[in-house]
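Notes follow once the structure below has been shown.
Remember, it's 1-based here, ligands and their atoms both numbered in the order they're listed. Note that the structure is a prediction, hence the values are computed from the model and not measured.
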Amino acid sequence: MQSKKDVVIIGGGIIGMSCAVQLSRRGANVVVIEKGKIGHGCSFGNAGWMTPCFAMPLPLPGMLLKSIRWLLNPDGPVYVKPVPSPLLLRWLLGFLLSMNRKQADAAIEALVELSKVSLEEYRKLNEKYPDSFGYAQKGLLMVGQSTEGVRSAVEEMNWVSKYGVPGKELSVSEIRAQEPSLTGPLAGGVYFPNEAHCEPLAMVQTLRKEATSLGVKVIEDCSMLGALLMGGRVQSIRTTHGPMTAEFYVLATGSWSTQLSKNFKLNVPILGGKGYSMQIDPLEPQPSHPIMLVEKKVAITPHRDFLRIAGTLELVNQDFSISNRRVRAILNGAREFLPIAESVTESSVQPSLWRGLRPCTPDGVPMIGFCRNSKNLVLACGHQMLGLQSGMGTGRLVGDLMEGKEPWLKTEVFNPNRF
Ligand SMILES: Cc1cc2nc3c(=O)[nH]c(=O)nc-3n(C[C@H](O)[C@H](O)[C@H](O)COP(=O)(O)OP(=O)(O)OC[C@H]3O[C@@H](n4cnc5c(N)ncnc54)[C@H](O)[C@@H]3O)c2cc1C
């Protein structure tokens, strides 16, 4: 950076820590404040996928009928509880209006780019800190039980291949040869060879290590409470550790951003996409790739000592309650494909059961960039299902914007002032 900038980053998840690393590499003086422990928000127990092939926004063309079905089926992979709420109505309207090809194409192009850059950064991080965050690049399988499911997987493959993500359609026998753990009925699938996976909390902790080695100060158990705005700028923020003043501020508070943005006189329409994950003992045979079970929207991630199963998306506003019904639906969905013992139930997985709120914008695209009404405030939130896989790319983009440099990718889709 031309001059050494002071930056306070609010939120210590994958996005906040990625911004901290990227900004401090450019010479900024960075402080990260986190209301709890670093990486214990939505970045804690996600599926750990670093998969440019899934650089998809939530709303896609042709989803209208599907989304109406979601409203009606509490056991479906995606659920929206129909409650009277102005935020939900506004969100759903934005979601419906975003289901068009033009918007989806622009979003996918940008999200693939952000994910590819991030993947390369994670690969380098793994070289620097070997075996610290369970990084493995074994590709990813998407498998379907129905011809409709396989068709949608192939459509996604064709879509991302336009932006340089290679994939290959596989027959059932090819899938079974490559992944013998898939014992349930199958109709076909797709293989993406370049995708990687990791342990998400360990990844954030590794970024923390990198950040502190670069001089970043991390303050845990420190909440932002308010902000002082004057002359179109943020003058200071109020925290549980007293006031803090900096030249720039980055709001990286995931699903908490809707509420916190009000302190900056912003109206950020982010809802939580609640999802669950759980760990079970390794299977016999243990899957050797991450696997997406298409119809169930369940993500399987193999690790040396356990198997992580993650899934469902229920649109909520700061509701962290656990629904055993939905946990059971995830387990039963996975059991249709994999040899998971009947003794594995929603009760037996309790010790490892985790839920997180994916920060979801109505158009499924993160908000990254300077705010119109506070010239020294950058938003970096709303990363929906792909915050881990696009974290370091987001940090790089924030770094470019703060340096006043022309970013390496088209940034219009990320405009934080678009809502
Ligand atoms: C089941 C599931 C599976 C997923 N799988 C994947 C996957 O495989 N790959 C992928 O890329 N993404 C995945 N995701 C999505 C990913 O987890 C999120 O996109 C990502 O964690 C968002 O990161 P974040 O840093 O924006 O938010 P968070 O990790 O939630 O971080 C925000 C932080 O802000 C802090 N904060 C809030 N309020 C304040 C305050 N007042 N003051 C200070 N700090 C505050 C919070 O404590 C929190 O730590 C998954 C999500 C779920 C739920």
Can you list the atoms of ligand 1 that are under 4.0 Å from a heavy atom of [X]?
| X | value |
| --- | --- |
| Trp256 | 30 (O), 37 (C), 38 (N), 46 (C), 48 (C) |
| Cys222 | 42 (N), 43 (C) |
| Gly11 | 33 (C), 34 (O), 35 (C), 44 (N) |
| Leu386 | 10 (C), 11 (O), 12 (N) |
| Gly13 | 25 (O), 29 (O), 31 (O) |
| Ala47 | 3 (C), 4 (C), 5 (N), 6 (C), 8 (O) |
| Gly356 | 53 (C) |
| Leu260 | 38 (N), 39 (C), 40 (C), 41 (N) |

Name the option, out of [options], that contains the heavy atom nearest to [atom].
| atom | options | value |
| --- | --- | --- |
| atom 18 (C) of ligand 1 | His383, Lys274, Gln384 | Gln384 |
| atom 36 (N) of ligand 1 | Thr253, Thr240, Thr239, Leu225 | Thr253 |
| atom 40 (C) of ligand 1 | His197, Glu220, Met203, Met224 | Met224 |
| atom 32 (C) of ligand 1 | Cys42, Gly36, Gly45, Ala252 | Ala252 |

For [X] and ligand 1, does the shortest N/O to N/O distance drop below 3.5 Å?
| X | answer |
| --- | --- |
| Ile10 | no |
| Ile14 | yes |
| Ala310 | no |
| Lys35 | yes |
| Trp49 | yes |
| Lys37 | no |

| Distance-only, no hydrogens or angles: does the Glu34 side chain make a donor-acceptor pair with backbone N or O of Gly12 under 3.5 Å? | yes
| field | Flag, side chain of Gln350 to backbone of Glu346, donor-acceptor distance under 3.5 Å | value | yes
One thing to verify: whether [Y] and [X] come together as a salt bridge, which I'm taking to mean a side-chain N less than 4.0 angstrom from a carboxylate O.
| X | Y | result |
| --- | --- | --- |
| Glu210 | Arg25 | yes |
| Arg308 | Glu199 | yes |
| Asp400 | Arg26 | yes |
| Lys35 | Asp221 | no |

Quick one: look up the protein heavy atom nearest [atom] and list residue, atom name and how far away it is.
| atom | value |
| --- | --- |
| atom 12 (N) of ligand 1 | Met385 O, 2.9 Å |
| atom 27 (O) of ligand 1 | Gly254 CA, 3.6 Å |
| atom 11 (O) of ligand 1 | Gln389 N, 2.7 Å |
| atom 26 (O) of ligand 1 | Ile15 CG1, 3.4 Å |
| atom 48 (C) of ligand 1 | Glu34 OE1, 3.4 Å |
| atom 17 (O) of ligand 1 | Asn46 ND2, 2.9 Å |
| atom 29 (O) of ligand 1 | Ser43 OG, 2.5 Å |

Donor on one side chain, acceptor on other, [X] and [Y], under 3.5 Å:
| X | Y | value |
| --- | --- | --- |
| Thr245 | Gln235 | no |
| Thr51 | Gln389 | yes |
| Glu148 | Ser146 | no |
| Ser257 | Ser261 | no |
| Asn46 | Arg358 | no |
| Trp159 | Asp105 | yes |
| Gln318 | Ser255 | yes |
| Gln137 | Glu195 | no |

Say whether [X] and ligand 1 are in contact under the criterion: heavy-atom distance to a ligand atom below 4.0 Å.
| X | value |
| --- | --- |
| Gly39 | no |
| Ser277 | no |
| Arg358 | yes |
| Gly48 | yes |

| message | Test of understanding: given a 4.0 Å heavy-atom threshold, classify the contact between Phe44 and ligand 1 as side chain, backbone, both, or neither. | response | neither
| said: Does anything in residues 108-120 form a salt bridge (charged side-chain N to carboxylate O under 4.0 Å, His left out)? List the pairs, not counting sequence neighbours. | reply: Glu109-Lys410, Glu120-Arg123
| Relative to the ring of Tyr135, is the ring of Phe133 parallel (under 30°), tilted (30 to 60°) or perpendicular (over 60°)? | perpendicular
| Is the Tyr191 ring parallel, tilted or perpendicular to the His289 ring (thresholds 30°, 60°)? | perpendicular
